[in-house]
Amino acid sequence: MRRTLHALVIASALGALAAAAQPAAELTLTRLECGNGFNDQRRFSDTFAYTEPRVPFTFSCYLIRHGDDYMVWDTGYLPGSNPNAPTVTLLDQLAQLKVRPEQVKFVGISHFHADHTGQLGSLPNATLLIGEREWAALTAPKPMAGANVAGFTHWISGGGKLETQAADKDVFGDGTVIILRTPGHTPGHQALLVRLKEKGPVLLSGDAAHFHENYQNNGVPSFNYDRAETIASLDRLKQIEKNLKATVIIQHDPRDIGKLPPFPAAAR
């Protein structure tokens, strides 16, 4: 028995050493253009903080490469769906990066609105990563107002792989890409932390905040699902930013586009 236990301990130690000896997967982050336009800033404060009826707004998607695996974060508007929609599809941009849709292992979404899920259907082989409460609100007998139900048809019908998150999720199991539970804008809203080797940690906001002013001042849009959860999520993101010295990217704020290299270059 002692010899068996001794052998198991040695085998376990050797296994741990072998795992530690494995080189870390190369990690990159690329911004994709998923729409551009304007929005009414007055909509984004339930305390009437803004008076500007027209401010620039952008719609961003992202490609994360983790070794030989790929993940897309948010998919933007469906081209042709409205004046703010992109003129170049998500798949065309992936093709320019020599990434085929079937190579995308995961498609993570911040939430179910159409400006973040319009091109989901172009990645049918990817495992959909969505907040548990988001999925419940989306698939309820009467889906929540604003949910882009049509964009999820492939997964709702059972044709696609699905993982719902009740809490944070370490996507690749090594702490480099973590989906963060940040409810408030919608019931199961999520943000994304990408810990790059050279640039350092990057926080992609989803719609936890739509522009700098709301992020800095805990501003809450009039149409958010839960005010208290929104403020708690903003506080969490700010604490992560402080503790990790992370770069925060507000996905809808054009002023943050320059925080990542211009397409097709990637941050590392």
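Below, each value reflects all heavy atoms present in this structure, side chains not excepted, and no hydrogens, waters or symmetry copies. In this text, all values refer to a predicted model and were calculated from it rather than measured experimentally.
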Review point. Does the pair K259 and D253 meet the rule for a salt bridge (charged side-chain N to carboxylate O under 4.0 Å, His left out), with working shown?
Key: CA-CA 11 Å; K259 291 182 178 179; D253 197 320; over 6 Å; no

Exercise for review: Could you check K199 against T247 for side-chain contact (heavy atoms from CB on, under 4.5 Å), going step by step and ending with a plain yes or no?
Suggested key: CA-CA 9 Å; K199 186 174 181 62; T247 298; 4.2 Å; yes

Practice item. I would like to know whether N125 and V104 meet side-chain contact (heavy atoms from CB on, under 4.5 Å); could you show each step before the answer? Key: CA-CA 7 Å; N125 296 320; V104 178; over 6 Å; no

Practice item. Could you walk me through whether R31 and S60 pass side chain to side chain donor-acceptor pair (under 3.5 Å), step by step? Key: CA-CA 7 Å; R31 180 186 178 271; S60 301; 3.0 Å; yes

Exercise for review: Check step by step if side-chain contact (heavy atoms from CB on, under 4.5 Å) holds for V177 and L27.
Suggested key: CA-CA 9 Å; V177 181; L27 189 69; 3.8 Å; yes

Practice item. Kindly indicate, with the supporting measurements, whether the criterion side-chain contact (heavy atoms from CB on, under 4.5 Å) is fulfilled by E33 and F263. Key: CA-CA 8 Å; E33 179 60 66; F263 181 88; over 6 Å; no

Practice item. Would you check, one step at a time, whether the test salt bridge (charged side-chain N to carboxylate O under 4.0 Å, His left out) holds for R133 with E229? Key: CA-CA 13 Å; R133 291 169 63 195; E229 286 189 342; 3.3 Å; yes

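Nearest heavy atoms, A191 versus T182: N-OG1, 3.2 Å. Taking each heavy atom of S110 and D74 in turn, the nearest pair found is N-OD1, 2.8 Å. Heavy atoms only, all atoms of each residue included: I109 and T117 are closest at CD1-CG2, 4.0 Å. The two residues Y225 and M144 come nearest to each other via the heavy atoms CE1-CE, 3.8 Å. Nearest heavy-atom pair across G37 and N84 is CA-OD1, 3.2 Å. Nearest heavy atoms, G76 versus C61: N-SG, 3.2 Å.
Side-chain N or O atoms of D40 include one that pairs as donor or acceptor with a backbone N or O of R42 at under 3.5 Å. A donor-acceptor contact shorter than 3.5 Å is absent between the side chain of D170 and the backbone of I178. In terms of modelled atom types and a separation under 3.5 Å, the side chain of H185 and the main chain of A208 share no donor-acceptor contact. With Q239 contributing its side chain and R236 its backbone, the two residues share no donor-acceptor pair below 3.5 Å. Although no hydrogens or angles enter the test, the distance criterion places no donor-acceptor pair under 3.5 Å between the side chain of T164 and the main chain of E132. Checked by atom type and distance alone, the side chain of S81 never pairs as donor or acceptor with a backbone atom of Y77 at under 3.5 Å. A donor-acceptor contact shorter than 3.5 Å is absent between the side chain of Q190 and the backbone of I179. A donor-acceptor contact shorter than 3.5 Å is absent between the side chain of N224 and the backbone of V220. T127 places no side-chain N or O within 3.5 Å of a backbone atom of K161 that could act as its donor or acceptor partner. Using a distance-only test at 3.5 Å, with no hydrogens or angles considered, a donor-acceptor pair links the side chain of T153 to the main chain of A150.
When the side chains of ILVMFWY residues are joined at heavy-atom separations under 4.5 Å, either directly or via intervening members, V72 and F172 end up in two distinct hydrophobic clusters. Under a hydrophobic-cluster definition in which Ile, Leu, Val, Met, Phe, Trp and Tyr are linked whenever side-chain heavy atoms come within less than 4.5 Å, directly or via other members, I240 and L234 are assigned to the same cluster. The same ILVMFWY cluster, assembled from side-chain heavy atoms under 4.5 Å apart, contains both I64 and L129. Residues L180 and L29 do not share a hydrophobic cluster, defined by chaining ILVMFWY side chains whose heavy atoms lie under 4.5 Å apart. The hydrophobic cluster containing V202 does not contain F211, counting ILVMFWY residues as joined when their side-chain heavy atoms lie under 4.5 angstrom apart, directly or transitively.
For the residue pair E134/T186, the side-chain donor-acceptor check at 3.5 Å is satisfied. Between H252 and D207, the side chains place a donor N or O and an acceptor N or O closer than 3.5 Å (distance only, hydrogens not considered). Side-chain polar atoms of D256 and H212 form a donor-acceptor pair below 3.5 angstrom. With 3.5 Å as the limit, one finds no donor-acceptor pair spanning the side chains of D168 and Q165. Side-chain contact check for Q251 and W73: at least one donor-acceptor pair (N or O, by modelled atom type) lies under 3.5 Å. A side-chain donor-acceptor contact under 3.5 Å links N214 and Y50.
To the nearest 0.5 angstrom, D115 atom CG is 5.5 Å from F59 atom CZ. The CG atom of L123 sits 10.0 Å away from atom CG of L128, with the distance rounded to the nearest 0.5 Å. Of the inter-residue distances, the one linking L90 atom CG with Q119 atom CD reads 5.0 Å to the nearest 0.5 angstrom. Atom OG1 in T89 sits 5.0 Å away from atom CG in L91 (nearest 0.5 Å). We find the CD-CZ distance between E52 and F44 to be 12.5 Å, quoted to the nearest 0.5 Å. To the nearest 0.5 Å, atom CG of residue L244 and atom CG of residue L193 are 6.0 Å apart.
When side chains are defined from C-beta on, V99 counts as touching L63, because their heavy atoms get closer than 4.5 Å. When side chains are defined from C-beta on, V171 counts as touching M71, because their heavy atoms get closer than 4.5 Å. Residues V194 and T176 fail the side-chain proximity criterion, which asks for heavy atoms closer than 4.5 Å. Side-chain atoms of T139 and V149, non-hydrogen and from C-beta on, never get closer than 4.5 Å to each other. At least one side-chain heavy atom of W155 sits less than 4.5 Å from a side-chain heavy atom of W135. Contact annotation: the side chain of S45 never approaches that of S222 to less than 4.5 Å [non-hydrogen atoms, C-beta and beyond].
Looking at D68 and K105, no side-chain N of the basic residue comes within less than 4.0 Å of a carboxylate O on the acidic one, giving no salt bridge. A salt bridge links D46 to R227: at least one charged side-chain nitrogen sits closer than 4.0 Å to a carboxylate oxygen.
In the displayed structure, R255 atom CZ is contacted under 6.0 Å by more than 12 heavy atoms of other residues, nucleotides or ligands. Counting heavy-atom neighbours within 6.0 Å of N243 CG, excluding the residue itself, gives a total above 12.
Only one option out of K197, H66, R268 pairs with E26 in a side chain to side chain donor-acceptor pair (under 3.5 Å); it is R268. For the pairing with Y215, the side chain to side chain donor-acceptor pair (under 3.5 Å) check across K238, H210, E241 returns one residue only, E241.
Ring centers of F57 and F38: at least 6.0 Å apart, outside the cut-off. Annotation: Y70 is not in aromatic contact with F106 [ring centroid separation under 6.0 Å not met].
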